[in-house]
Amino acid sequence: MMSKGNKQTRVVNWPVTILLIAGCLTIFFPLYMALIIALKQPSEMTNNIAGALSFPQTWSLANFREAMQVTDFWNSLGNSLLITVATVVISIILHGMAGYAIGRSMKQSKIYNIIYMFIVSGMFVPFAILMMPLVKQTAQMGIANRFGVILLYVVFYMPLNVMLYRGYLSNIPVAIEEAARVDGASTWKIYWTIIFPMMKPMHATVAVLTAMSTWNDVMTPLVIMSGTGKNTLPLAQLNFQTQFGTNYNLAFASYILALIPILLFYIVCQKQIINGVANGAVK
Amino acid sequence: MKGDRDRKRTFMLITIPILALFICFNTLPLIKGFIYSFTNFKGYGSYDWVGGRNYVDLFTDGRVGRSYLFTFKYAIVGTILTNVISLVIALGLNSKIKGKSVLRGIYFIPNVLGGLVIGYIFSFFFTYILPVVGQSLGIEALSSSMLSSTSQAWIAIVIVGCWQAIAMNTIIYISGLQTVPEDIYEAGAIDGVTGWRKFKDLTFPLIIPFFGINMVLSMKNFLMVFDQVMALTKGGPAQSTESISYLIYNNGMSGGQFGFQSANAFLFFVTIVVISVVQMTITNKKEEQL
């Protein structure tokens, strides 16, 4: 009986495996097409499929070099990194504290229950309705720039993150904190020395979710930073469309450059990203 | 108790500034948008109060009506396709296959890539690759660019939207399938339950909560579509693919319809809340029944 059970678990379902491998083509094909076009010269783009999809005659990175200049790549990358890293760090600090303060008070206080529901219901507010008033508001406050975008992201992701932190904390017994309180530690100190390190798995989830939404977002920087002449990486692709014109080779080199950072990040932190996304959605 | 007072004071000192920040950049603009929706504000200069006229006009405005039709058609078709395909992929990825973790990693790639850039890449595919394939195969419908046809452009946007959304839903379904205990299948196998019936009677009822999450998530994301429209069609041809978000952005920000589009945005907000609440009640009820 035992040996039979073991054998069964080892049997590989080959038809499904092969189908799934074939299915990967739908994912790799667009990326392959983009890469191969980015490596070619406009003269190689004949009007048939081979013109677009065959290997280039000479392998050259010239398009990438030109795309970097045209789209001001390093500055756009810098802006994207700055905005994403700042948003993630501030989110972990502020939303973690908020999740703790609100979550721990909800049992005793009705007001905190209302505050919690109030913040969490912000999840249903689409950016489209906040967009126009926010453009006016950030301009009046003089923060229609990268700083304003960071501030807005911290507010937009607050509902989800506070909910995640609060949910995680409800599994951490209060008794741990009480022991520290008896020893005379302040609430502030308890949070930073005991609770904050304990929430490490949730920090990872929050970091992944916040980073990916921030990095790929177009709409917020599009409407808030349009007057500053500064671009994020996706925004640069939008703003330089006219300069690419019909030079698809240049455009695709630029798209590939825009995709590389997040792909590298994914390859390095694949496990954390998949876990983070699954945790965030399911909780 | 001294510690208790310290605790309450610290919690208050943390909560108040964070709540203030939230109100300042979420609640306040929401209220402002609502107020603007009763004006004929162009986005600049002076404006007058027009009462509820914007809301009345919303229901007679052809362009707004078409954008709702397109957005809902897109969201419903997209949600169904995404959920069916991702459930199939998730079942495959959860079965006894070789290279499981590598395949899972690959199928998640579309989710990490930005919608705008992916849209631009697919735009080239629909404009230059697909028509050539269609011509050489002699398929009439595919021989010209989908993006320049008023009846087909929306399908192209659905394809790109699904391509990305499937990755996310698959991961959620996989985490759902992992919660199904192995002995349920063993008990089912003894009763001779296999294939479609095994899925319908055993697997699916157990992952309904995850089905619920996926329905709400993908419906909400599809309804707010912006990047794909921006990259693929800019709302064209002949405004046939103008999503609600895109219309609000386009006409509200630069088309002199700040007040009118604020009313549109508010209607959109109410629509999203109603749909999410309805979906959640339905899935909760289904869960209770089981």
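Worth saying up front: this structure is predicted, and the values here are computed from it rather than measured. In what follows, every chain begins at residue 1, and chains take the letters A, B, ... in the order their sequences are listed.
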Assert yes or no for the condition that the ring centre distance of A:Y32 to A:F28 is strictly below 6.0 Å.
no

Taking the six-membered ring for Trp and the single ring otherwise, decide whether the centroids of A:F118 and B:F22 are under 6.0 Å apart.
yes

Most heavy-atom pairs under 4.5 Å with chain B, out of A:S121, A:A251, A:G23, A:G122, belong to A:G23

Sort A:F265 into side chain, backbone, both or neither according to what part of it lies under 4.5 angstrom from a heavy atom of chain B.
neither

Portion of B:V102 that has a non-hydrogen atom of chain A nearer than 4.5 angstrom
neither

Measuring heavy-atom distances to chain A, does B:Q135 have an atom under 4.5 Å in its side chain, in its backbone, in both, or in neither?
neither

Is chain A contacted by the side chain of B:S175, its backbone, both, or neither, given a heavy-atom distance below 4.5 Å?
side chain

Please look at A:Q270 and chain B and tell me whether the side chain, the backbone, both or neither of the residue comes under 4.5 angstrom of a heavy atom of that chain.
side chain

Side chain / backbone / both / neither for A:E178 at chain B, heavy atoms under 4.5 Å:
neither

So which residue, B:W163, B:F268, B:F124, B:Y249, ends up with the most heavy-atom pairs under 4.5 Å with chain A?
B:F124

With only heavy atoms counted, which part of B:F226 is less than 4.5 Å from chain A, the side chain, the backbone, both or neither?
side chain

Output field: ring centroids B:F11/A:Y112 closer than 6.0 Å
no

Applying a strict 4.5 Å limit to non-hydrogen atoms, the region of A:V182 in contact with chain B is neither

Contacting moiety of A:L233, where chain B heavy atoms sit under 4.5 Å
neither

Chain A heavy atoms under 4.5 Å from B:K220: which part of the residue, side chain, backbone, both or neither?
side chain

What part of A:Y255 lies closer than 4.5 angstrom to a heavy atom of chain B: side chain, backbone, both or neither?
both

Need one label for B:L30: side chain, backbone, both or neither, based on atoms under 4.5 Å from any heavy atom in chain A.
both

Bottom line for B:F210: the part with an atom under 4.5 Å from chain A's heavy atoms is side chain

Counting heavy-atom pairs closer than 4.5 Å to chain A, which one of B:F125, B:Y120, B:F269 comes out on top?
B:Y120

Tell me, out of B:L103, B:L91, B:I172, B:L223, who's got the most heavy-atom pairs with chain A below 4.5 Å.
B:L103

Which bit of B:F41 is near chain A, if near means a heavy-atom gap under 4.5 Å: side chain, backbone, both or neither?
side chain

So which part of B:D227 gets closer than 4.5 Å to some heavy atom of chain A, the side chain, the backbone, both or neither?
side chain

